[in-house]
Amino acid sequence: MKIFHDILLPQIGEILAEQGLDNLPWERMLGNAREASQGDLALPCFPFAKMAKKAPDAIATILAAAISERVTSTAANTLFAEALGEVNAVGGYLNFKADPTWLAKMVLSANSNPETAGTLPTTGEKVLIEHTSANPNGPFHVGRARNAILGDTIVRLNRLAGHEVRAEYYVDDMGKQVAILAWAMENLSKDKVNAILEGAGRQSIDGGSNNWDGKADHERVSWYQAANVLKEQDSSIDQEVGEMVRLSEEGEEKVLEAFDAAFQPVLDGMLETLGRLGIAFDAFTKESKFVIDGSVAEVMDRLQASPLRGVAENGAQYLELESKGISGKSTKFFFQRGDGSSLYATRDISYHEWKWTQCDSLVNILGEDHKLQSKQVAIALEEIGSKAPLVVFYSFIKLPDGKMSTRRGNVVYMDDLLEEAKAQAFAVVSEIRGNELDNETMQSIAEAVGCSAVRFNIIKVAPDKGFTFRWEEALSFEGGSAPFIMYSHTRACSILRKLDSKGIDAANLLSAFDLASFDLSASPQSMVDLLRRLALHPDALADSVENNRPHQFANHLLNLAINYNTFYRDCHIVQDGEVNVLYLAISEAARHCIRRGCEGLGIIPLTQM
RNA sequence: GGGCGUGUAGCAUAGUUGGAUAAUGCACUGGCCUCCUAAGCCAGGGAUCGCGGGUUCAAAUCCUGCUGCGCCCGCCA
């Protein structure tokens with residue numbers, strides 16, 4: 001709890017100095033207490049034992065007494081005295097508990113303005129976040145979803161943290177994958193595609209279990225898959241595709257246009273799916289841009305000047321990275337082919353240099369399969385005097401029976417998952433509220449609940465942890481899920497509806513609210529726990545953004561929802577026709593934080609469900 | 001062969017730079033809707049934190065060896 005920490009730290013420092021115990025790096029030891037019942041911050045006194053020649057428990061007791069003394073005797077420390085509710089020594093720990101009234105004061109003033117509640121002050125820092133950037137060769141599947149959801153959540157959280165964010169999609173508009181798609185669109189008829197896929201024992205265009213007719217990503221992926229099948233059988237296709245790839249890498253306009261025409265409808269279809277998840281981009285940058293404007297050629301020239309440069313027999317060029325800590329079968333990083341053309345990674349280097357001209361800090365979201373490549377690109381960037389980006393890696397999403405692959409057709413499509421999630425959510429709403437709400441309202445609730453649940457299910461686990469997709473988990477609507485958090489929010493909203501129905505103006509009550517007229521000493525524990533959680537809200541946001549670990553914030557929001565639910569049970573805002581304005585103010589602070597927190601995670605904060 | 005990551009109750013996960021009785025959800029047992037939405041709340045059972053060493057007053061956390069799983073080691077993207 002930073003606000004509390006900042007007040008305590010200098011005071012504790014002075015007391016430790018008085019006791020001659022300040023030659024340890026004790027600042028780092030002052031941390032959040034494990035058990036909320038024991039305090040908000042704790043200082044373990046074990047390290048002092050040796051130098052003080054006293055038992056840790058005795059030291060803690062002495063320090064506790066010194067602090068109590070300081071609180072009562074020093075008039076200058078009013079803020080300290082106001083903030084510190086209780087100090088005690090237990091089992092060698094010195095525990096500090098924040099004063100509930102002070103907590104309330106801090107939390108309520110920080111969250112009284114709905115515009116700024118639950119956010120951090122504007123920093124002006126420009127952050128460019130590149131994520132998703134999936135090859136536009138087929139519908140968005142759940143395996144790709146982790147990148148998009150992780151990336152978009154980092155985008156959203158950075159915005160909440162006051163940064164100026166730009167979300168970019170790097171469009172692979174050249175190279176083999178699009179070339180195969182373009183070749184297929186040009187050379188294969190629908191009948192032929194069907195015949196090829198059936199012959200290979202694959203699902204044909206019309207054989208799908210779900211109906212996504214007319215959605216180009218779903219249609220064209222069959223062409224892509226059929227071309228891949230053909231390529232195995234007929235090497236002349238490989239050559240044709242190879243020629244297209246070569247021309248695209250030379251920036252040949254006609255070929256790039258054909259590629260564009262082939263993939264753009266697919267990309268649009270993918271973006272439609274992403275849009276349903278609340279994922280959008282500020283900019284699309286095409287890979288070909290850097291070939292056409294000559295920056296790739298320039299980068300290759302500069303790389304040639306590196307002392308690490310080597311040349312293969314056929315003239316291909318590479319950097320020898322053994323001295324940079326790269327090991328394995330090959331330590332060579334090729335940046336130019338024998339024919340002088342560039343490689344994907346080389347173009348990525350150009351892209352990064354350009355990205356640096358657009359921002360102060362740079363974040364990439366990449367699958368763990370890109371770890372080596374990313375390291376190579378980072379070294380190469382430093383070789384040419386540029387800077388490496390910050391990269392967030394994630395582990396792949398697998399299906400219970402293996403890895404997903406668009407090429408092989410072993411996938412769960414996001415469109416299908418979202419439909420299923422919506423259907424299941426609809427079943428729940430209509431069961432609970434079928435006799436209160438009209439169909440249209442329930443449909444929109446189901447859409448929000450379904451999509452939010454899918455997002456949360458993926459974002460709540462640490463990126464570097466392996467993830468196996470299971471339907472029953474993806475569609476969980478109970479504790480530990482997005483609907484659980486959303487439900488807390490609707491509860492807070494329902495209170496406002498209740499006040500409104502009684503003709504009570506909540507805004508009026510709140511503007512006249514004076515904390516000083518309330519005695520918080522006998523407040524329910526659940527209320528204090530909620531205040532404590534709200535006081536941790538900015539810390540959770542800041543930490544999550546700083547470490548690029550959105551699951552930490554997801555976890556915090558879950559805890560906030562739990563605390564709110566308990567508060568809701570214990571602290572009735574309307575009781576016997578009377579409004580408890582303190583409770584109302586706290587409920588509103590929590591509502592704002594939950595709402596903004598939901599936005600940060602891409603969960604839709606419904607007002608009723 | 002080498003590198004990177006991961007292994008926490010039956011299952012899925014949390015555990016910021018080492019700190020108190022390892023937290024949460026699902027599942028399991030029992031209780032709570034004349035009361036702001038029960039998609040909720042309360043109580044209970046369930047863990048040799050992969051295995052062995054080491055560092056420390058203190059290790060799920062740090063070091064080391066082993067082991068299971070994942071990813072990578074293309075003049076592919």
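Note that the coordinates shown come from a computational prediction; the quantities given were computed from them, not determined experimentally. Convention: sequence-line order gives letters A, B, ...; per-chain numbering from 1.
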| Verdict with supporting geometry, Asp6(A) and Lys2(A), salt bridge (Lys or Arg N to Asp or Glu O under 4.0 Å) | CA-CA 6 Å; Asp6(A) 290 349; Lys2(A) 191 170 183 304; 2.9 Å; yes
| field | Worked verdict on Lys460(A) versus Asn555(A) for side-chain contact (heavy atoms from CB on, under 4.5 Å) | value | CA-CA 7 Å; Lys460(A) 73 175 178 185; Asn555(A) 228 275; 5.8 Å; no
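Using a cut-off of 4.0 Å between Lys/Arg side-chain N and Asp/Glu carboxylate O, Asp529(A) and Arg532(A) are scored as salt-bridged. Contact check on Lys286(A) versus Asp260(A) returns a salt bridge, with a Lys/Arg side-chain nitrogen under 4.0 Å from an Asp/Glu carboxylate oxygen. In this structure, Glu249(A) does not pair ionically with Arg246(A), as no charged nitrogen and carboxylate oxygen lie closer than 4.0 Å.
As rounded to the nearest Å, G3(B) and C66(B) have P atoms that lie 10 Å from one another. Rounded to a whole angstrom, the distance from the C1' atom of U29(B) to that of U48(B) is 26 Å. Nucleotides G54(B) and U16(B) have their C1' atoms positioned 26 Å apart, rounded to a whole Å. As rounded to the nearest Å, G30(B) and C11(B) have C1' atoms that lie 22 Å from one another. Comparing the same atom, P, in G18(B) and in C57(B) gives a spacing of 15 Å after rounding to whole Å. Look at the C1' atom in both A47(B) and G53(B): the space between them is 23 Å, to the nearest Å. The separation of G68(B) from U56(B), taken at their P atoms, amounts to 32 Å, rounded to a whole angstrom. The gap from the C1' atom of C26(B) to that of A20(B) amounts to 29 Å, rounded to the nearest Å.
Rounding to whole angstrom units, CD of residue Glu436(A) and C1' of A39(B) are separated by 13 Å. Distance, Glu27(A) CD to U17(B) C1': 14 Å, rounded to whole Å. Atom CD1 of Ile59(A) and atom P of C57(B) are 14 Å apart (whole Å). Here U13(B) presents its C1' atom at 15 Å from CD of Glu472(A), a figure rounded to the nearest Å. The distance between atom CD of Gln424(A) and atom C1' of A39(B), rounded to the nearest whole Å, is 14 Å. If you measure from atom CD of Gln552(A) to atom C1' of U16(B), you get 6 Å, rounded to the nearest angstrom. Note: CZ (Phe46(A)) to C1' (G18(B)) measures 13 Å, nearest angstrom. The distance between atom CD1 of Ile432(A) and atom C1' of A39(B), rounded to the nearest whole Å, is 5 Å.
We find that the ring of His572(A) and the base of C35(B) do not stack by the test of centres under 5.5 angstrom and planes tilted less than 30°.
Taking only distance into account, the side chain of Asp543(A) meets the base of U16(B) through a donor-acceptor pair shorter than 3.5 Å. Asp57(A) contributes no side-chain N or O that forms a donor-acceptor pair with the base of A20(B) under 3.5 Å.
The shortest distance between side-chain heavy atoms of Leu601(A) and Arg455(A) does not fall below 4.5 Å. Here the side chains of Arg146(A) and Phe467(A) are in contact, with some heavy-atom distance below 4.5 Å. With contacts defined as side-chain heavy-atom distances shorter than 4.5 Å, the pair Glu320(A)/Thr331(A) qualifies.
If you check every strand for non-hydrogen atoms under 4.0 Å, Arg497(A) touches a base. Residue-level contact check: Met609(A) touches the bases, meaning some heavy atom is under 4.0 Å from a base atom. Within the nucleic acid shown, Asp539(A) has no heavy atom closer than 4.0 Å to any nucleic acid atom. Phe484(A) comes within contact range of the sugar-phosphate backbone alone, with a heavy-atom separation under 4.0 Å but no base atom that close. Contacts of Val178(A) with the nucleic acid, taken as non-hydrogen atoms under 4.0 Å apart, are absent. Using a 4.0 Å heavy-atom cutoff across all strands shown, Pro56(A) reaches no nucleic acid atom at all. If you check every strand for non-hydrogen atoms under 4.0 Å, Tyr568(A) touches a base. Residue Gln608(A) is classed as a base contact, given a heavy-atom separation below 4.0 Å to a base. In this structure, Arg549(A) reaches neither bases nor backbone, as no heavy-atom distance under 4.0 Å exists between it and the strands shown. Among the protein residues, Cys571(A) comes within range of the nucleic acid bases, having at least one heavy atom under 4.0 Å from a base atom.
Applying the 90° cutoff around 0 to the glycosidic angle, C33(B) is assigned syn.
Minimum heavy-atom separation, Phe259(A) to Met244(A): CE1-CE, 3.7 Å. In terms of heavy-atom proximity, Phe484(A) sits nearest to Glu478(A) at CB-O, 3.7 Å. Shown here for Pro524(A) and Cys571(A), the closest heavy-atom pair between the two residues is CG-SG, 3.7 Å.
Both Asp570(A) and Ala425(A) sit near RNA chain B, but only Asp570(A) has its closest nucleotide nearer the 5' end.
Ring geometry for Tyr564(A) versus Tyr568(A): interplanar angle of 30 to 60°, hence tilted. Ring geometry for Phe469(A) against Trp471(A) counts as perpendicular: the plane angle is over 60°, on a 0 to 90° scale with 30° as the lower cut. Using bins of under 30°, 30° to 60° and over 60° for the plane-to-plane angle, the ring pair His537(A)/Phe553(A) lands in the perpendicular bin. Using a 30° and 60° split on the angle between ring planes, Phe290(A) and Tyr170(A) fall in the tilted class, from 30° to 60°.
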| Can you give one letter per nucleotide of nucleotides 67-77 of chain B, 5' to 3': B if a protein heavy atom sits under 4.0 Å from the base, S if only from the sugar-phosphate, - if neither? | ---BSSBSBSB
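Around NZ of Lys54(A), the count of heavy atoms belonging to other residues, nucleotides or ligands within 6.0 Å does not exceed 12.
Side-chain contact of Gln38(A) with Asn95(A): a donor-acceptor pair under 3.5 Å is absent, judged by distance alone.
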| How is the base pairing of RNA chain B summarised as a dot-bracket string, given the Watson-Crick and G-U wobble criteria with both distances under 3.5 Å, [ ] for crossing and | for another strand? | (((((((..((((.....[...)))).(((((.......))))).....(((((..]....))))))))))))....
Between the protein and nucleotides 22-30 of chain B, which nitrogen or oxygen pairs come in under 3.5 angstrom?
| unit_1 | atom_1 | unit_2 | atom_2 | d |
| --- | --- | --- | --- | --- |
| G25(B) | O2' | Gly479(A) | O | 2.7 |

Are there any protein N/O atoms within less than 3.5 Å of an N/O atom in nucleotides 8-12 of chain B, and if so, which ones and at what distance?
none

Report all interatomic pairs (protein N or O, nucleotide N or O of nucleotides 62-65 of chain B) with separations under 3.5 Å.
none

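Closest to the Arg569(A) side chain, of the nucleotides A20(B), C42(B), G40(B), is C42(B). Comparing A20(B), A39(B), C36(B) against the side chain of Pro483(A) picks out A39(B) as the nearest.
Listed by first and then second residue, the ring pair (Phe, Tyr, Trp, His ring centres under 6.0 Å) pairs that reach into residues 323-350 of chain A are Tyr318(A)-Phe334(A), sequence neighbours excluded.
A side-chain donor-acceptor contact under 3.5 Å links Ser544(A) to the backbone of Arg549(A). The main-chain N or O of Leu366(A) is never found under 3.5 Å from a side-chain atom of Asn364(A) such that the two would form a donor-acceptor pair.
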